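Can you keep this structure in mind? I'll have questions shortly.
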Amino acid sequence: MGFSDNFFNKVEKRTRVDKDTILELAKELQDNDLKNEKTLRNVIQKLSTMTGKTVTEEQENKIVNAVINDKVPKDVDKMF
């Protein structure tokens, strides 16, 4: 799946995370099992730290449940 520079610009504008960091994180995600709850929680915490956004335990639980139960939109570009 290829993303345009426009996509990365939108993400960077909203999150203050640059393209290289996003690609680095994407590679890390590819190398891990996202259906593994521990891995997911580690990724959520890492993203929280990178973006400077606080994720409550309730929000983290909702994210984990959404990913594990395949309730995440497939068209990521439309999320931004």
Side-chain angles (χ1 to χ4, degrees):
M1 173 188 302
F3 293 106
S4 68
D5 283 337
N6 187 39
F7 169 79
F8 287 108
N9 290 336
K10 287 180 186 179
V11 173
E12 185 172 354
K13 185 176 180 179
R14 290 192 68 186
T15 65
R16 295 182 185 91
V17 178
D18 65 46
K19 180 179 178 179
D20 291 335
T21 304
I22 294 167
L23 293 174
E24 198 174 292
L25 181 60
K27 172 144 178 35
E28 183 179 333
L29 292 173
Q30 284 180 332
D31 295 340
N32 290 294
D33 177 15
L34 286 184
K35 296 295 182 180
N36 178 293
E37 186 174 332
K38 183 178 179 184
T39 298
L40 266 176
R41 290 187 187 279
N42 286 337
V43 168
I44 292 166
Q45 291 302 312
K46 188 176 221 175
L47 285 170
S48 174
T49 300
M50 288 168 60
T51 60
K53 305 281 184 181
T54 301
V55 178
T56 67
E57 186 177 346
E58 180 182 352
Q59 290 170 321
E60 186 175 309
N61 289 336
K62 285 181 180 180
I63 295 167
V64 168
N65 287 329
V67 173
I68 289 175
N69 295 309
D70 290 322
K71 303 225 186 254
V72 178
K74 300 295 182 208
D75 191 354
V76 179
D77 197 32
K78 290 186 178 178
M79 293 172 62
F80 296 94

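What you see is a predicted model; the values in this text were computed from it and never measured. This chain uses plain numbering: 1 for the first residue, then up along the sequence. Only heavy atoms go into these numbers, but all of them, side chains included; no hydrogens, no water, no symmetry mates.
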Task: Rounded distance [0.5 Å steps], CG in Leu25 versus CD1 in Ile22 - done: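 Reported to 0.5 Å precision, the distance equals 8.5 Å.
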
Task: Separation of Lys53 NZ from Leu47 CG (nearest 0.5 Å) - done: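 Leu47 atom CG to Lys53 atom NZ measures 12.5 Å (nearest 0.5 Å).
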
Open item on the list: Please report the interatomic distance NZ(Lys62) to CD1(Ile44), rounded to the nearest 0.5 Å.
Closed with: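 Answer for the NZ-CD1 pair, Lys62 versus Ile44, is 13.0 Å.
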
Task: Spacing of Glu60 atom CD and Ile63 atom CD1 [to the nearest 0.5 Å] - done: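 Answer rounded to 0.5 Å: 7.0 Å.
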
- [ ] State the CD-OG1 distance between Gln59 and Thr54, to the nearest 0.5 angstrom.
- [x]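 That separation rounds to 8.5 Å.
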
- [ ] Evaluate side-chain contact (heavy atoms from CB on, under 4.5 Å) for Asn9 paired with Lys13, printing each intermediate quantity in order.
- [x] CA-CA 6 Å; Asn9 290 336; Lys13 185 176 180 179; over 6 Å; no

Open item on the list: Between Lys35 (side chain only) and Asn69 (backbone N and O only), is there a donor and an acceptor less than 3.5 Å apart?
Closed with: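 Side chain of Lys35 to backbone of Asn69: no pair is present.
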
- [ ] May I ask you to test the Lys38-Asn42 pair for a side-chain heavy-atom distance under 4.5 Å?
- [x]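 A side-chain contact exists here, since the closest heavy-atom pair is under 4.5 Å.
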
Task: Student check: side-chain heavy atoms of Met50 and Thr15 closer than 4.5 Å - done: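 Met50 does not reach Thr15 side chain to side chain.
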
Open item on the list: Distance check, rounded to the nearest 0.5 Å: Asp20 atom CG versus Phe8 atom CZ?
Closed with: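 Taking CG in Asp20 and CZ in Phe8, the distance rounds to 9.5 Å.
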
TODO: Report yes if some heavy atom in the side chain of Val11 is under 4.5 Å from a heavy atom in the side chain of Val17; otherwise report no.
DONE: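 In short, these two side chains do not touch, never coming nearer than 4.5 Å.
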
TODO: Establish, from distance only, whether the side-chain atoms of Asn61 and Arg41 form a donor-acceptor pair under 3.5 Å.
DONE: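 The answer is yes; a qualifying pair exists.
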
